[in-house]
Amino acid sequence: MDPWTLANAVVSGLLIGLVYGLSALGLSVIFGVIRIVNFAHGEIMVVGMFFALLMFRWLGLDPLLSVPLAAAAMFGFGYVLQLIVVSRVSHLPEHMQFLLLAAIAIMIVSALLLVFGPDAQGVHVGYAWDSVAFGELIVDYPKMFAAVAAIVVAALLLAFFKYTTTGKAIRACADNRMGAQVVGLNVGQLYALTFGIGAACLGAAGAIILLLFEVHPYLAPGYTLLAFVIVIVGGLGSLFGALVGGILIGVSEALAAVLFQPSMKSAFSFALLILVLLLRPQGLLGKAVR
Amino acid sequence: MKAIDLFLSPLSAAGRWLGAVLLVVLLLLPYWGSSYVMTVATTVFYLALVGQSWNLMLGFAGLLSIGHALFVGVGAYASAYLFSAIGLPPAIGVVPAVALAVLIGLLIGYLGFRFAIGGVYFALLTIAFAEFVRIVVDHVPWLGATEGFFLKVSAADRHGIDLANLRGAPEMYYYLIMALALGALVLCRYLLRSRLGYYWQAIRDDPEAAEALGINLLRYRMYAVAISSGMAGVAGVFYAFYQNSLFPEIVFNIERSIEATLGSIVGGVGTLFGPIFGTFILTPLGEFVTEGIDLLKHWRVIDPETKLDGLKLLVWSFIVVLIVLFKPTGLWPWVCHRLRLTRPGAEG
C-alpha cells in the first residue's frame with residue numbers, strides 16, 4: 001500500500017481522535033469524581049450536535065462558534081440532571097445507577113427522534129472542501145479546525161482543574177469525599193458542577209464534531225460505546241489517558257478503514273476494548289489499583 | 001408434585017386464587033383474543049422469558065449483563081442457519097444453538113471472572129462482545145450479512161401444529177412461548193431454593209464473605225452465566241422461527257439488551273415474578289401508547305403525518321427512571337404486599 005495513503009489515514013484519524021478524546025474527557029471527569037458511569041454519554045453529545053445544528057440554521061452560526069454556547073447549554077443540563085436525578089440514587093447499588101442512566105439515555109434518543117426525526121442532517125460551511133497540502137499529505141480544514149478546537153477546550157479544562165480553587169475542590173472530592181466534607185466543601189454542589197462540566201465537554205465535542213459528520217438520533221449509542229472504549233483503553237478516571245485513548249482509537253479506526261473495510265472499523269475498537277479489559281483493566285495509563 | 005408444592009408454598013390463598021384465574025384467562029386467550037391481542041401476548045411471554053434469563057444473572061447472582069441480545073441472537077442465528085442449510089428441525093437444532101449460546105456465555109464469563117472484572121466493567125465486557133458479534137455477523141455473507149437472514153414460510157405453514165419444525169398457527173407459538181416462560185419461572189423458583197441458588201445469593205450480597213466461606217466464586221458464577229445464556233438461547237430459537245427474519249442491526253442491537261432489563265427493573269430485580277410482572281405492565285402499555293396515537297391520528301386530533309416513532313420507548317424509559325428513583329426494589333414486592341399475595345415472611 002502507498003505510504004502516503006497510510007500517512008493520510010493516520011493524520012485524519014489523529015485529528016478526529018482528538019475530538020473523540022475531548023468527548024471521552026467528559027466521561028472520565030464524571031466517573032473520576034462522582035464514581036458514576038454516565039451511560040447517557042453519547043446521547044448528551046448528540047444533543048450538543050443538534051444544538052449546534054439549530055444555531056447554524058437559526059442564526060447561521062458556524063459550529064465552531066457555537067461551541068461555547070453548546071457547552072453552556074449542556075453544562076446547565078448536566079448540572080440539573082445530577083442535582084435532581086442522579087444524586088438521588090447515590091445510595092443504590094452500582095448497577096441501578098447504570099440502569100437509571102441507560103433509561104435516561106433511551107429517553108433522550110426517543111425525544112430527539114420525536115423532535116428531529118430519524119434522518120441524518122448536517123451543516124455546510126464555506127471551507128468544507130478546503131484543505132492544505134504538505135507534499136502528498138492532505139489535511140482538510142474542517143478536521144484541522146475541529147482538532148484545534150478540541151485541544152483548546154481540553155486545555156481549558158485541564159487548566160481549570162489544575163489552577164482554580166473550584167477545580168482543586170472538585171479534585172479534593174474525587175480523592176476523598178469524606179475528607180472534602182469534613183473541611184466544609186459542599187460536595188453535592190461540587191458533584192452537580194462536575195456533572196455539568198462533563199456534560200459541557202460533550203456539548204463542545206458535539207458542536208465540533210458536527211463540522212465533520214451529519215447528525216441523527218441513532219448516533220448516540222455508538223458515541224457512548226466509543227467513549228467507553230476510549231476511557232477504558234486510556235484508563236477510566238485519568239484525564240490525560242482519555243485524550244491519548246481518543247487519539248489511539250481515532251488512528252486505529254482510520255487505519256482499519258483503509259486496510260480492511262470502513263464498516264469493520266468499530267469491530268477493531270471493540271476487540272481492542274476486550275483485550276484491554278482482560279489484560280490491563282485499569283487502562284493503559286490508569287493507576288494500578290482499582 | 002414436590003415441584004408444584006415448592007412453587008405454591010409461598011403463595012397465600014388470595015395469591016393462589018389470583019394465579020389460577022390469571023392462568024385460566026391466559027390459557028383461554030386464543031378463544032376470545034383477536035390476532036392483535038395474540039401478538040401482544042406472545043411478545044409479553046417472549047420478553048418475560050428473556051427478562052427471566054437476565055434477572056437470573058443480576059438478580060440472583062449479582063452479575064450485570066447488558067449483552068443479552070448476544071445470547072438471544074446466537075440462539076436465533078444458529079437454529080435458523082442449521083434449519084435452512086441442512087434442514088435440521090429446530091426441535092433438534094435447539095440443542096446445538098443453545099450449546100453455542102452457553103459456550104459464548106461461558107467464554108465471556110470465564111474471561112471476565114478469571115481476570116476479576118467486576119461490576120460495571122463486566123457489563124461493558126458483555127456490551128463489547130455483543131457489539132463485536134453484531135459487526136462480525138454484519139459481514140458474514142452466509143448469514144445474510146446486513147441484508148438479513150430469512151426462513152422460508154408458505155401459506156400452508158400458518159395452519160396446524162408442527163412443533164418439530166416450529167411451523168403452525170399463531171396459537172401454537174402463543175402456547176409454546178407461554179409454556180417456555182412459565183417453565184423458566186418454575187426452573188428459577190427451583191434454583192432459588194436449591195443449594196446453588198443460596199450460593200448465588202451469598203455471592204451477590206457479599207462476594208468476599210462467600211469466598212471466605214469456601215464458595216468457589218468462579219464456578220458458581222459460571223453456572224449462573226451458563227443457565228442464563230442457555231435460557232436466552234432458547235428464547236432466540238423461538239424468536240427466529242416466530243419472526244422468520246433476522247437482521248444483525250435488530251437482533252444484536254444494544255437496545256434489545258436494554259429491553260431485556262426493563263421488565264425486570266419495573267417488576268423488581270431479583271424477584272421471581274418481577275420480570276414477568278414487569279413485561280405484563282410495559283408491553284401492553286407500549287401498545288396502548290402506539291394504538292392511542294393511531295386513534296388520535298384517525299380522529300385527526302393530531303396530524304396523521306406526524307411521526308411519533310420514539311414515543312413508546314420514551315414512555316417505557318420514563319417509567320423505568322421513575323421506578324429507579326422512587327421504587328428501586330420494583331413494583332412486584334409492593335403489589336404482593338398490598339394484595340397479600342404471599343404468606344407473611346415468604347418472598348415472591
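Just so it is clear, the structure is predicted and the values come from calculations on it, not from any experiment. Just so we're on the same page: letters track the sequence lines, and every chain starts at 1.
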Given heavy-atom pairs under 4.5 angstrom as the criterion, report whether the side chain, backbone, both or neither of A:V115 touches chain B. neither

With a 4.5 angstrom heavy-atom cut-off, which part of A:L225 approaches chain B: side chain, backbone, both or neither? side chain

If I take atom OG1 from residue B:T329 and atom CG from residue A:L92, how far apart are they, to the nearest 0.5 angstrom? 9.5 Å

Within the supplied structure, the quantity of interest is the number of heavy atoms (other residues, nucleotides, ligands) at a distance under 6.0 Å from B:E249 CD; does it exceed 12? yes

What's the verdict on side chain to side chain contact (heavy atoms under 4.5 Å, CB included) for A:F98 and B:I66, showing C-alpha distance, side-chain angles and the deciding distance? CA-CA 10 Å; A:F98 193 74; B:I66 309 277; 3.6 Å; yes

Which atoms of A:F268 are under 4.5 Å from chain B, going by heavy atoms: the side chain, the backbone, both sets, or neither? neither

Side chain, backbone, both or neither: which part of B:L111 has a heavy atom under 4.5 Å from chain A? both

Heavy-atom pair with the smallest gap, counting every atom of A:A103 and B:S317: O-CB, 3.2 Å

Is it the case that more than 12 heavy atoms not belonging to B:F288 sit under 6.0 Å from its CZ atom? no

Are the side chains of A:V37 and B:Y121 in touch, meaning some heavy atoms are under 4.5 Å apart? no

Validation row: A:Y218, B:E255 side chains within 4.5 angstrom (heavy atoms): yes

Where on B:I323 is there a heavy atom nearer than 4.5 Å to chain A: the side chain, the backbone, both, or neither? neither

Segment of B:F122 engaging chain A (4.5 angstrom heavy-atom cut-off): neither

Minimum-distance pair of heavy atoms, taken over all atoms of B:V324 and A:M96: CG1-O, 3.8 Å

Flag the one option from B:V320, B:I254, B:L124, B:I258 with the top tally of heavy-atom pairs under 4.5 Å to chain A. B:L124

Considering non-hydrogen atoms only, spot the tightest contact between A:A271 and B:F132 and give its length. CB-CE1, 4.0 Å

Step by step, would you call B:W316 with A:I106 a side chain to side chain contact (heavy atoms under 4.5 Å, CB included)? CA-CA 9 Å; B:W316 277 8; A:I106 301 177; over 6 Å; no

Atom pair CG/OG of B:L314 and A:S110 - distance to nearest 0.5 Å: 5.0 Å

State whether the number of non-hydrogen atoms from other residues, nucleotides or ligands found under 6.0 Å of B:F318 atom CZ is greater than 12. no

